[in-house]
J.: 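Handing you this structure, nothing more for now.
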Amino acid sequence: MLRRIQVLVLGGILLIAALSTGAPFLFFLVYLAILVVGGSYVVTRFGLADLEAGYVLDRVHAQAGDILRASYTVRNTSRLPKFWLEVHNPTSLPVPLPGQAITLGPRGERSWSVRVPLTRRGHFRVEPLALRTGDPLGLFESHATVGSHATVIVYPRVESLPGWRLPPALIEGSHAQALRTQHTTPHATSIRPYAPGDAYNRIHWRSSARQGELQVKEFDLEQTADLWVYLDLQARAHAGEGDESTLEYGVRAAASIAARALGENRNVGMTASGTRIGILPADRGPRQYQKVMQVLAAVMANGDRPLAQVLVDGVARLRRGMSAVIITPSMERDWVRPLSSLRGRGVEVGIVLLDPIAFAAVERRSHGLPELDEEATAAEQRAARALRHTLAEHDFSWSSILPGEPIAAQLVTATPRPVLVSQ
């Protein structure tokens, strides 16, 4: 715009000088300027005419760490060349799609592709293809957009969990586990001698005939196919920044646990306590996997409701035979009490503790901030010990997650720690 004003001012001065002096040379410059400016306008005005353009993304659903590829094609159907075209996609992706400046001859065509890493989970928008051209002097520009926008959903990274075993709430069902039960299930796995009190319909007559004495069938018990994941998103409970934060580690833990359960053909439901309480009803299969990942791709640590209140409101939907996994950085102890009654109802609980003290320390070091004073550090450590003491009192097992190591290496089946009673 500034250059255009300068040219207009210079042209006005030149025209006034030519009219005032009548010098043929000045009139020649005026005519030349009119020809150049007019030609620049015409070139720009028709610079985007007779163009065909488009782009294709190789995926709209991906996981953090994947590579997104975008393929572009621009075709000139005119007999006139296109001297300069700028092609790019405005986008909210963490790594922008790079644009390109090209030249097209008469009936020419250009195709190319770009690849960008998807470094962060989230829902991202890729705007329609933007085309821009102009004249060599930079006096005029012409813009156009082609196509429609696209939404790219980047799921959190999922890790395999070889050392993790889902909380084994046991019910009668159809998936055998190596645990004997007196109840009749579809899985008769062994026999034993008859004992007084055994039901007659459990006698295995063929084995009894072979053994010469009565033999009864033994059955295996199954693990429940239902899992409910509670992800605590209360803002003041979380610590850390970016990938090294309790939020990102908690999301990856929830994604990995849900993927493990769905891979075992379990029903999986989820409660995420953000700005509003998001509840995903329990279901199984690839469609549920996609729903879980879409929820986890968008969650933020922006909730204001404490975990204790979320659990009080939500434990009623946990029925007998289900398992619950609590993922939280909260150092409060009041959320343990709503869980204490679940075991009596046949619901088993697993807890994943995200250590906010360690994550906050990493954040302070990354920003060059001083460490907390001894009094504050001691207070945080006392709160952490008190929480673990409360969990052990209620016979809950937990896994602790620290920054700097893979989730799979830390998320292992834990056992309750003994409660130390002072004499």
Side-chain angles (χ1 to χ4, degrees), residues 161 163-169 227-240 245-247 249-250 253-254 257 271 273 301 303 305-315 318 322-364 371-405 407 409-423:
L161 305 175
W164 170 259
R165 185 171 61 86
L166 295 173
L227 172 72
W228 202 280
V229 179
Y230 286 89
L231 179 59
D232 183 11
L233 297 174
Q234 187 184 17
R236 67 183 183 87
H238 283 269
S245 65
T246 53
L247 172 63
Y249 274 70
I257 291 172
T271 296
S273 55
R305 299 181 67 182
L307 178 60
Q309 183 179 354
V310 175
L311 293 176
V312 168
D313 296 339
V315 293
L318 298 178
M322 296 182 70
S323 298
V325 173
I326 316 299
I327 303 174
T328 178
S330 175
M331 304 298 290
E332 304 293 334
R333 291 177 289 171
D334 53 356
W335 57 266
V336 180
R337 183 173 296 276
L339 302 176
S340 59
S341 62
L342 291 180
R343 190 165 292 161
R345 294 167 45 193
V347 178
E348 190 61 36
V349 177
I351 298 170
V352 178
L353 294 180
L354 306 163
D355 193 333
I357 302 175
F359 283 92
V362 171
E363 182 182 10
R364 286 194 298 270
E371 299 292 335
L372 295 178
D373 56 45
E374 294 183 1
E375 183 177 351
T377 303
E380 289 183 341
Q381 293 176 348
R382 284 195 299 271
R385 286 196 299 268
L387 174 61
R388 286 163 172 77
H389 184 88
T390 303
L391 291 174
E393 282 184 332
H394 289 84
D395 198 29
F396 286 131
S397 61
W398 68 88
S399 296
S400 295
I401 301 296
L402 299 171
E405 294 187 19
I407 296 291
Q410 304 185 73
L411 203 55
V412 296
T413 301
T415 55
R417 302 183 184 182
V419 180
L420 300 179
V421 181
S422 57
Q423 299 294 333

J.: Hey, are the side chains of S273 and R305 touching, using non-hydrogen atoms and a 4.5 Å cut-off?
T.: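 When only atoms from C-beta onward are counted, R305 and S273 do not touch, as no gap falls below 4.5 Å.
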J.: Provide the full list of ring pair (Phe, Tyr, Trp, His ring centres under 6.0 Å) pairs with a residue in residues 337-356, sequence neighbours left out, each pair given once.
T.: none
J.: Give the minimum heavy-atom separation between L318 and A324, together with the two atoms involved.
T.: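 That would be CD1-CB, 4.0 Å.
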J.: Could you tell me whether a side-chain N or O of T271 sits under 3.5 Å from a main-chain N or O of Y230, the two making a donor and an acceptor?
T.: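 No, because the side chain of T271 does not come within donor-acceptor range (under 3.5 Å) of the backbone of Y230.
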J.: Taking all non-hydrogen atoms of both residues, which atom of P338 and which atom of A308 are closest, and how far apart?
T.: CG-O, 4.1 Å
J.: Does R345, at its CZ atom, have more than 12 non-hydrogen atoms belonging to other residues, nucleotides or ligands within less than 6.0 Å?
T.: yes
J.: Distance check, rounded to the nearest 0.5 Å: L387 atom CG versus I351 atom CD1?
T.: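 It is 8.0 Å, given to the nearest 0.5 Å.
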J.: Quick check: closest heavy atoms across A239 and P356, and the distance to 0.1 Å?
T.: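 Shortest heavy-atom separation between A239 and P356 comes out as CB-O, 3.6 Å.
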J.: Atom OG1 of T328 and atom CD1 of I401: how far apart are they, to the nearest 0.5 Å?
T.: 12.5 Å
J.: Which heavy atom in G250 sits nearest to a heavy atom in L231, and how many Å separate them?
T.: O-CD1, 3.9 Å
J.: Does a side-chain heavy-atom distance below 4.5 Å link F359 with P329?
T.: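 Not touching, per the 4.5 Å side-chain cut-off.
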J.: Heavy atoms only: give me the nearest Y249-G404 pair and the separation to one decimal.
T.: OH-N, 2.9 Å
J.: Take V347 and V315 through the test side-chain contact (heavy atoms from CB on, under 4.5 Å) and record every step on the way to the result.
T.: CA-CA 10 Å; V347 178; V315 293; over 6 Å; no
J.: Please tell me if the side chains of V310 and D232 come closer than 4.5 Å, counting only heavy atoms from C-beta onward.
T.: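 No, every pair of side-chain atoms sits at 4.5 Å or beyond.
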J.: Between E405 (side chain) and Q410 (backbone), is there a donor-acceptor pair under 3.5 Å?
T.: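 No; judged by distance alone, with no hydrogens or angles, the pair does not exist.
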J.: If you round to the nearest 0.5 Å, how far is CG of L342 from CH2 of W228?
T.: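 The CH2 atom of W228 sits 13.0 Å away from the CG atom of L342.
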J.: Look up atom CD1 in I326 and atom CH2 in W335, then write down how far apart they are to the nearest 0.5 Å.
T.: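 Spacing of CD1 (I326) from CH2 (W335) equals 7.0 Å.
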J.: Can you check whether L307 reaches Q234 side chain to side chain, under 4.5 Å on heavy atoms?
T.: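 Side chain of L307 against side chain of Q234, heavy atoms only: no contact under 4.5 Å found.
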J.: Which atom names give the shortest non-hydrogen contact between E363 and G240, and what distance separates them?
T.: OE1-N, 3.4 Å
J.: Can you tell me how far OG1 of T246 sits from CD1 of I357, rounded to the nearest 0.5 angstrom?
T.: 12.0 Å
J.: Should the heavy atoms of other residues, nucleotides or ligands under 6.0 Å from CZ of R333 be counted, would the total exceed 12?
T.: no
J.: If you define the side chain from C-beta out and look only at heavy atoms, does anything of H238 sit under 4.5 Å from S245?
T.: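 A side-chain contact under 4.5 Å is absent here.
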J.: To the nearest 0.5 Å, tell me how far R388 CZ sits from W398 CH2.
T.: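 Spacing of CZ (R388) from CH2 (W398) equals 7.0 Å.
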